Peer 1: 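My structure is below; once you've seen it, I'll send some questions.
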Amino acid sequence: MNKAAVSDDWTLSVVLGRVSTEDGDRVLETIAALDEKESGAPVEIVIADRLQDGISDRIRKEHPHVHLVPCPSDMTLPEMRLQAFDQTSGSIVAVTEDHCVPSPGWAGRVREAFAKGDDDLVAVGGSVVNGVCDRGLDWATFICEYSFFSPPVVEGMTDALPGMNVAYRRSVLEEADRERLRSGFWETTLHPGLVADGPTFYSSNQLAMFHKKKFSWRLFMAQRFIYSRYYAGLRFQNAGMAKRLAAGVASLALPPILFYRMTRAVAKKGLQREFIRALPSLSTFIIIWAIGESYGAIFGPGDALARIE
């Protein structure tokens with residue numbers, strides 16, 4: 001591989017939104033992991049910040065190379081990401097979250113994947129690794145959200161990448177409908193169109209992202225309900241009341257389906273022991289998931305998107 005071509009043609013920007021009301025200083029680990037010596041390549045970091053607190057002051061003081069974009073406190077995370085994207089210059093634009101920490105060499109591997117890829121490669125990503133494992137609750141929050149992307153993941157072309165460990169060819173985001181980018185999370189609003197005619201994503205287990213948010217039980221329960229309401233509300237917002245009521249009732253049957261899917265996922269990933277530790281909390285979260293979808297289907301998303309962190 002031509003190292004100069006990677007350096008000259010594939011510049012990398014990373015965008016994220018500062019929204020975490022718990023474990024809020026984790027973003028400092030994210031920034032440290034994106035240092036060129038750790039990440040394997042220079043990275044432009046742009047952070048949309050709706051918290052504007054003491055951590056923001058620390059970032060300005062300790063990491064002056066990071067570009068902070070102040071945002072209103074009620075701005076949604078997708079809109080924040082779009083605001084941050086508008087401030088980037090890289091030919092590759094990666095998206096992560098303020099509690100996620102890239103593995104060593106991550107940035108260099110992202111650029112290498114694009115340099116080796118064909119012209120129809122539009123995005124690359126990889127696995128999500130649980131970075132906080134102290135409690136059964138930590139495993140419950142991780143399995144509930146990311147069991148499908150726990151390693152090992154598909155090695156090669158795929159049609160699914162995690163929304164917080166993904167890097168796009170810049171032209172893909174520039175050409176996308178901006179309303180689609182601001183209206184929801186890009187893995188649900190953007191990705192389906194990008195893979196409609198076949199896999200155009202590349203996945204690698206070497207592109208690992210550590211998920212390191214230590215939720216309280218109360219916060220995760222609230223966030224699970226809010227996200228489920230948003231998801232179902234968006235899906236059925238244009239449907240008639242009869243269809244919405246039917247979807248709301250049907251959503252209450254989700255717990256055994258979700259439990260089955262998670263059981264299969266953890267078996268494939270070798271996380272059976274962790275799954276048992278997670279069960280007390282995970283069982284509650286699955287029920288909350290179903291109630292949230294039922295509520296969203298009937299009453300719509302409301303302001304759920306602006307409350308997701």
Side-chain angles (χ1 to χ4, degrees), residues 1-16 27 29-47 63 65-67 81 84-85 87-98 100-131 146 148-176 186-187 190-191 194-195 197-212 269:
M1 182 180 59
N2 187 329
K3 297 287 187 180
V6 175
S7 176
D8 295 341
D9 300 335
W10 299 106
T11 54
L12 176 61
S13 301
V14 174
V15 302
L16 58 92
V27 69
E29 289 187 41
T30 307
I31 294 169
L34 290 171
D35 180 85
E36 183 175 357
K37 293 180 181 178
E38 289 293 321
S39 68
V43 177
E44 176 187 49
I45 306 172
V46 183
I47 300 177
H63 305 282
H65 63 288
V66 174
H67 184 186
R81 290 174 176 173
F85 165 66
Q87 302 296 318
T88 64
S89 61
S91 57
I92 306 167
V93 180
V95 176
T96 190
E97 295 178 349
D98 63 355
C100 295
V101 179
S103 58
W106 178 86
R109 293 189 181 102
V110 167
R111 297 172 71 191
E112 183 177 331
F114 275 103
K116 288 183 174 181
D118 297 330
D119 291 342
D120 61 352
L121 175 65
V122 299
V124 305
S127 65
V128 183
V129 181
N130 190 7
Y146 294 113
F148 181 82
F149 290 108
S150 180
V153 293
V154 172
E155 192 71 34
M157 300 306 292
T158 183
D159 59 3
L161 293 174
M164 33 66 80
N165 184 16
V166 58
Y168 304 94
R169 192 183 295 264
R170 183 180 192 85
S171 59
V172 169
L173 299 179
E174 289 180 333
E175 294 167 6
W186 298 352
E187 59 268 32
L190 177 65
H191 289 196
L194 297 179
V195 299
D197 296 324
T200 53
F201 298 161
Y202 175 77
S203 172
S204 172
N205 285 281
Q206 294 186 21
L207 289 170
M209 183 71 66
F210 291 94
H211 185 269
K212 298 189 72 173
K269 310 295 183 171

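For clarity, every value in this text was computed on a predicted model and none was experimentally measured.
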Peer 1: Tell me, please, which residues at least two apart from His191 pass side-chain hydrogen bond (donor to acceptor under 3.5 Å, both in side chains).
Peer 2: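 If we apply the side-chain hydrogen bond (donor to acceptor under 3.5 Å, both in side chains) test to His191, skipping adjacent residues, the hits are Tyr168.
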Peer 1: Could you measure the distance from the NE2 atom of His211 to the CE atom of Met164? Nearest 0.5 Å is fine.
Peer 2: 5.5 Å
Peer 1: Which atom names give the shortest non-hydrogen contact between Ser127 and Asn165, and what distance separates them?
Peer 2: O-ND2, 2.9 Å
Peer 1: A side-chain contact here means heavy atoms from C-beta on lying under 4.5 Å apart; do Thr30 and Val14 qualify?
Peer 2: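 Side-chain contact under 4.5 Å: no.
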Peer 1: I'd like to check the salt bridge (charged side-chain N to carboxylate O under 4.0 Å, His left out) partners of Glu29; sequence neighbours left out, ordered by chain and number.
Peer 2: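 By the salt bridge (charged side-chain N to carboxylate O under 4.0 Å, His left out) rule, Glu29 matches Arg26, Lys212.
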Peer 1: Which value, rounded to the nearest 0.5 Å, describes the distance between Ile92 atom CD1 and Ser171 atom OG?
Peer 2: 11.0 Å
Peer 1: Quick one: do Phe201 and Val124 satisfy side chain to side chain contact (heavy atoms under 4.5 Å, CB included)? Show the steps, please.
Peer 2: CA-CA 6 Å; Phe201 298 161; Val124 305; over 6 Å; no
Peer 1: Could you tell me whether the side chain of Phe114 reaches within less than 4.5 Å of the side chain of Leu12, counting heavy atoms only?
Peer 2: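 No. Closest side-chain heavy atoms not under 4.5 Å.
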Peer 1: Can you sort out the partners of Gln206 under side-chain hydrogen bond (donor to acceptor under 3.5 Å, both in side chains), two or more places apart, ordered by chain and number?
Peer 2: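 Testing Gln206 for side-chain hydrogen bond (donor to acceptor under 3.5 Å, both in side chains), a comparison that skips the adjacent residues, returns Arg109.
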Peer 1: Under the salt bridge (charged side-chain N to carboxylate O under 4.0 Å, His left out) definition, can you give me all pairs with a residue in residues 153-173, not counting sequence neighbours?
Peer 2: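 Of all non-adjacent pairs touching residues 153-173, those that pass salt bridge (charged side-chain N to carboxylate O under 4.0 Å, His left out) are Arg170-Glu174.
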Peer 1: Taking side-chain hydrogen bond (donor to acceptor under 3.5 Å, both in side chains) as the definition, give me every residue that meets it alongside Tyr202, ordered by chain and number, with sequence neighbours left out.
Peer 2: none
Peer 1: Please report the closest heavy-atom contact between Ala208 and Ser103, naming both atoms and the distance.
Peer 2: O-OG, 2.8 Å
Peer 1: Distance from Ser150 atom OG to Asn130 atom CG, nearest 0.5 Å?
Peer 2: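 One gets 8.0 Å once the value is rounded to the nearest 0.5 Å.
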Peer 1: Using a 4.5 Å cut-off on heavy atoms from C-beta on, say whether the side chain of Ser91 contacts that of Thr11.
Peer 2: yes
Peer 1: Supply the atom-to-atom distance Thr96 OG1 to Leu34 CG, rounded to the nearest 0.5 angstrom.
Peer 2: 8.0 Å
Peer 1: For the side chain of Asp35 and the backbone of Lys37, is there at least one donor-acceptor N/O pair under 3.5 Å apart?
Peer 2: yes
Peer 1: By ring-ring contact (aromatic ring centres under 6.0 Å, His included), which residues pair with Phe210, not counting sequence neighbours?
Peer 2: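 Partners of Phe210 by the ring-ring contact (aromatic ring centres under 6.0 Å, His included) criterion come out as none, since no residue qualifies.
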Peer 1: I need the minimum non-hydrogen distance between Ala160 and Phe148, along with the two atoms involved.
Peer 2: CB-CE2, 4.4 Å
Peer 1: Looking at every heavy atom in both Val46 and Ala84, which two are closest together, and how far apart are they?
Peer 2: CG1-O, 3.6 Å
Peer 1: Are Arg81 and Glu97 side-chain neighbours, meaning at least one heavy-atom pair lies under 4.5 Å?
Peer 2: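 Yes, close enough: below the 4.5 Å cut-off.
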Peer 1: What's the separation between atom OG1 in Thr200 and atom CG in Asp119, rounded to the nearest 0.5 Å?
Peer 2: 13.0 Å
Peer 1: Give the minimum heavy-atom separation between Glu38 and Ala33, together with the two atoms involved.
Peer 2: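 Closest heavy-atom pair between Glu38 and Ala33: CB-O, 3.6 Å.
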Peer 1: Kindly indicate whether the side chain of Ser89, heavy atoms from C-beta on, has any atom under 4.5 Å from the side chain of Glu44.
Peer 2: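 When only atoms from C-beta onward are counted, Glu44 and Ser89 do touch, with a gap below 4.5 Å.
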Peer 1: Would you mind reporting whether Val110 and Leu207 have side-chain heavy atoms less than 4.5 Å apart?
Peer 2: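 Answer yes - side chains close enough.
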Peer 1: Any side-chain heavy-atom pair from Trp186 and Val166 closer than 4.5 angstrom?
Peer 2: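 They are not in side-chain contact.
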Peer 1: If you take all heavy atoms of Cys100 and Pro102, which pair is closest and at what distance?
Peer 2: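 Closest approach of Cys100 to Pro102: O-CD, 3.9 Å.
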Peer 1: Could you walk me through whether Glu187 and Leu161 pass the side chain to side chain contact (heavy atoms under 4.5 Å, CB included) check?
Peer 2: CA-CA 8 Å; Glu187 59 268 32; Leu161 293 174; over 6 Å; no
Peer 1: First locate atom NE2 of His67, then atom OG of Ser13, and finally report the distance between them rounded to the nearest 0.5 Å.
Peer 2: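 OG of Ser13 is found 11.5 Å from NE2 of His67.
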